[in-house]
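So the structure is just underneath, and the comments pick up after that.
Quick note: numbers below take in every heavy atom, side chains included, and nothing from hydrogens, waters or symmetry partners. Since this is a predicted model, take the numbers as computed values, not measurements.
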Amino acid sequence: MANGFLVFIESRNGKIRKSSLETLTQARHLAGELGTTVDAVVFGPPEATDPLKAYGPRRIFQVSTEPDVLSRDNWIAFLEGLVRREEPAYVLAAATATGKDLLPGVAARFARSVVQDVTEITVDGGTMLIKRPIYAGKAFQTVKLTGTPGFVSLRPNVFPAEPGDGAAEVVPMPETVDVGALRSRIREVRESQAGKVELTEAAIIVSGGRGIKEAENYTLIEQLADAAGAAAGASRAIVDAGWVDHQQQVGQTGKTVSPTLYIAVGISGAIQHLAGMSSSKYIVAINKDPDAPIFKVADYGIVGDLFKVVPLLTEEFRKIRNQ
């Protein structure tokens with residue numbers, strides 16, 4: 001009989017991603033309301049399980065995978081076997097690039113769909129009601145899962161990561177891999193620039209748009225981001241122009257982010273961009289055009305020349321952080 005939650009945990013170089021801790025925390029809260037349990041599964045070395053123990057799972061399935069046989073196919077096959085054996089009612093993951101890739105692969109093997117990029121989950125009469133944005137964030141859909149297992153991915157930075165009580169049991173699961181059967185293998189993982197904050201997990205994001213006028217002026221965005229301890233993002237316009245790497249693009253065809261503070265600099269506010277950042281808790285817009293659409297979603301707006309405003313903000317952030 002299906003029961004409880006199974007949470008897929010992302011580990012990178014033995015370090016657990018914050019978005020996975022958020023997902024595990026939410027699963028624990030939901031399990032408490034539903035009167036059930038939470039298990040977690042992580043691909044990585046034994047030490048990767050240490051940070052998870054404080055977040056309240058009943059068991060942690062730790063899968064030792066050799067670096068030279070990392071494979072999406074391999075992970076999906078293993079997760080399918082684990083789900084069939086443990087029979088969880090719900091399988092959760094963070095809605096990161098990896099989570100959005102793996103969950104549909106596993107769900108397809110059960111002829112199930114996935115509720116992606118969820119921003120709210122409530123329990124009503126023992127049933128989970130799952131809310132997610134649709135139509136580029138212009139509307140919200142509430143979904144009630146029927147049948148099991150249910151597959152759900154949670155948007156990063158929306159749910160808090162909070163340690164809980166209890167000591168988890170670690171269940172080591174050495175993996176046997178038929179390398180010859182793999183259709184694809186990950187040969188190398190290249191990290192983004194060292195010291196940079198990951199966009200999807202950043203509490204503060206500073207993004208630049210066409211208003212910065214030329215590629216060299218993106219340094220203004222980077223300087224403000226550095227002063228604020230933030231991640232530096234970009235609109236599609238300057239990514240398409242080749243001024244900034246695609247990894248920094250925020251929007252419908254880039255990354256979806258939910259920081260506490262989003263500062264949009266020289267961004268007009270096209271619907272494609274709003275789809276990627278409108279769930280930010282606070283939005284500050286800086287634009288010389290008082291009629292720019294970005295001001296319709298902004299909590300605070302600064303109408304002015306960004307080349308004058310941004311250096312002043314940068315200096316103020318530096319003063320605050322150096323106090």
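Counting only heavy atoms from C-beta outward, the side chains of V170 and K53 approach each other to under 4.5 Å. By the 4.5 Å heavy-atom criterion applied to side chains, N157 and T200 are not counted as neighbours. For the pair D289/S268, no side-chain contact is recorded, criterion being any heavy-atom separation below 4.5 Å from C-beta on. Looking at I204 and T260, their side chains never come closer than 4.5 Å, going by heavy atoms from C-beta outward. I263 has its side chain out of reach of I205: every pair of non-hydrogen atoms, C-beta onward, lies at least 4.5 Å apart. Contact of the L154 side chain with the Q26 side chain is registered, since non-hydrogen atoms from C-beta on lie closer than 4.5 Å. V250 is listed as a side-chain neighbour of H273, based on a closest heavy-atom distance under 4.5 Å. Residues V206 and L261 form no side-chain contact, since every pair of their non-hydrogen atoms from C-beta on lies 4.5 Å or further apart.
The two atoms that bring P57 and A168 nearest to each other are O-CB, 3.2 Å, heavy atoms only. Taking both residues in full, the closest heavy atoms of L199 and G233 are given as CD2-CA, 4.1 Å, listed atom of the first, atom of the second, then distance. The two residues S20 and E10 come nearest to each other via the heavy atoms OG-N, 2.9 Å. L103 and V152 make their closest contact through CD1-O, 3.4 Å (heavy atoms, listed as atom of the first residue, atom of the second, distance). The two residues T314 and Q223 have their closest heavy-atom pair at CG2-O, 3.7 Å. Between V91 and P88 the shortest heavy-atom distance is CG2-CG, 3.9 Å.
Side chains of Q248 and Y218: a donor-acceptor N/O pair is present below 3.5 angstrom, by distance only.
In this structure, the separation between CD on Q62 and OG on S11 is 9.5 Å, given to the nearest 0.5 Å. Within the model, atoms CG of D226 and CZ of R318 stand 7.0 Å from one another, a figure rounded to the nearest 0.5 Å. With rounding to the nearest 0.5 Å, the separation of CD in Q272 from OG in S235 is 11.0 Å. Atom-to-atom distance recorded for T142:OG1 and I130:CD1 is 10.0 Å, nearest 0.5 angstrom. The OG1 atom of T96 sits 9.5 Å away from atom CG of D101, with the distance rounded to the nearest 0.5 Å. Note: T98 OG1 to W75 CH2 = 6.0 Å, rounded to the nearest 0.5 Å.
Chaining together hydrophobic side chains whose heavy atoms lie under 4.5 Å apart places Y135 alongside I134.
Legend: side chain to side chain donor-acceptor pair (under 3.5 Å) pairs involving residues 207-216, not counting sequence neighbours, sorted by first then second residue: S207-Y262.
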(request) Give the intermediate values and the outcome of side chain to side chain contact (heavy atoms under 4.5 Å, CB included) for residues L220 and I212. (result) CA-CA 8 Å; L220 288 171; I212 66 173; 6.0 Å; no
(request) Mind running side-chain hydrogen bond (donor to acceptor under 3.5 Å, both in side chains) on E162 and H29 for me, showing each step along the way? (result) CA-CA 10 Å; E162 300 168 341; H29 291 327; 3.1 Å; yes
(message) Test side chain to side chain contact (heavy atoms under 4.5 Å, CB included) on Y90 and F151; report intermediate values, then the result.
(response) CA-CA 6 Å; Y90 307 102; F151 295 86; over 6 Å; no
(request) Test side chain to side chain contact (heavy atoms under 4.5 Å, CB included) on V63 and V42 and set out the steps. (result) CA-CA 6 Å; V63 189; V42 58; over 6 Å; no
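Residues V297 and V265 fall into different hydrophobic clusters, defined by Ile, Leu, Val, Met, Phe, Trp and Tyr side chains chained together at heavy-atom separations under 4.5 Å. When the side chains of ILVMFWY residues are joined at heavy-atom separations under 4.5 Å, either directly or via intervening members, L312 and F317 end up in two distinct hydrophobic clusters. Cluster annotation: V143 and V158 are assigned to the same hydrophobic cluster (Ile/Leu/Val/Met/Phe/Trp/Tyr, side-chain heavy-atom contacts under 4.5 Å, transitive). No single ILVMFWY cluster, assembled from side-chain heavy atoms under 4.5 Å apart, contains both I267 and L224. Cluster membership check: V284 does not share its hydrophobic cluster with V257, using side-chain heavy-atom separations under 4.5 Å among Ile, Leu, Val, Met, Phe, Trp and Tyr.
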Would you mind writing out the side-chain donor-acceptor pairs for residues 114-125 within the sub-3.5 Å range, not counting sequence neighbours?
unit_1: Q116; atom_1: OE1; unit_2: S153; atom_2: OG; d: 2.5
unit_1: D117; atom_1: OD1; unit_2: R155; atom_2: NE; d: 3.1
unit_1: D117; atom_1: OD2; unit_2: R155; atom_2: NE; d: 3.3
unit_1: D117; atom_1: OD2; unit_2: R155; atom_2: NH2; d: 2.7

Got a list of side-chain donor-acceptor pairs under 3.5 Å for residues 298-305, not counting sequence neighbours?
unit_1: D299; atom_1: OD2; unit_2: I283; atom_2: N; d: 2.8
unit_1: D305; atom_1: OD1; unit_2: F307; atom_2: N; d: 2.9

Contacts under 3.5 angstrom, residues 238-245 side chains, donor-acceptor by atom type, not counting sequence neighbours:
unit_1: D240; atom_1: OD2; unit_2: R236; atom_2: NE; d: 3.0
unit_1: D245; atom_1: OD2; unit_2: Q247; atom_2: N; d: 2.8

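No donor-acceptor pair closer than 3.5 Å links the side chain of T25 to the backbone N or O of A161. Without hydrogens or angle criteria, D39 side chain to L6 main chain gives no donor-acceptor distance under 3.5 Å. At least one donor-acceptor pair under 3.5 Å links the side chain of R112 to the backbone N or O of P149. Panel note: side chain T49, backbone P46; a donor-acceptor pair is recorded below 3.5 Å.
Taking the salt bridge (Lys or Arg N to Asp or Glu O under 4.0 Å) definition, one finds that R84 meets it with E80, sequence neighbours left out. The ring-ring contact (aromatic ring centres under 6.0 Å, His included) search around F8 returns none, not counting sequence neighbours. For R132, the salt bridge (Lys or Arg N to Asp or Glu O under 4.0 Å) test picks out no residue, with sequence neighbours left out. N287 is linked by a side-chain hydrogen bond (donor to acceptor under 3.5 Å, both in side chains) to nothing, counting only residues two or more places apart in sequence or in another chain. In this view, F159 satisfies the ring-ring contact (aromatic ring centres under 6.0 Å, His included) rule with no residue, not counting sequence neighbours. Scored by the salt bridge (Lys or Arg N to Asp or Glu O under 4.0 Å) test, K319 finds E316 as partners (sequence neighbours excluded). T37 pairs by the side-chain hydrogen bond (donor to acceptor under 3.5 Å, both in side chains) definition with nothing, not counting sequence neighbours.
A salt bridge links K255 to E198: at least one charged side-chain nitrogen sits closer than 4.0 Å to a carboxylate oxygen. Salt bridge E169/R58: absent, no basic N to carboxylate O contact under 4.0 Å.
The aromatic ring centroids of F43 and F78 lie less than 6.0 Å from each other.
Heavy atoms of other residues, nucleotides or ligands lying less than 6.0 angstrom from NZ of K144 number 12 at most. Heavy-atom contacts from other residues, nucleotides or ligands closer than 6.0 Å to NZ of K288 number 12 or fewer.
Tested against E201 for a salt bridge (charged side-chain N to carboxylate O under 4.0 Å, His left out), the candidates K18, K15, R17 yield a single pass: R17.
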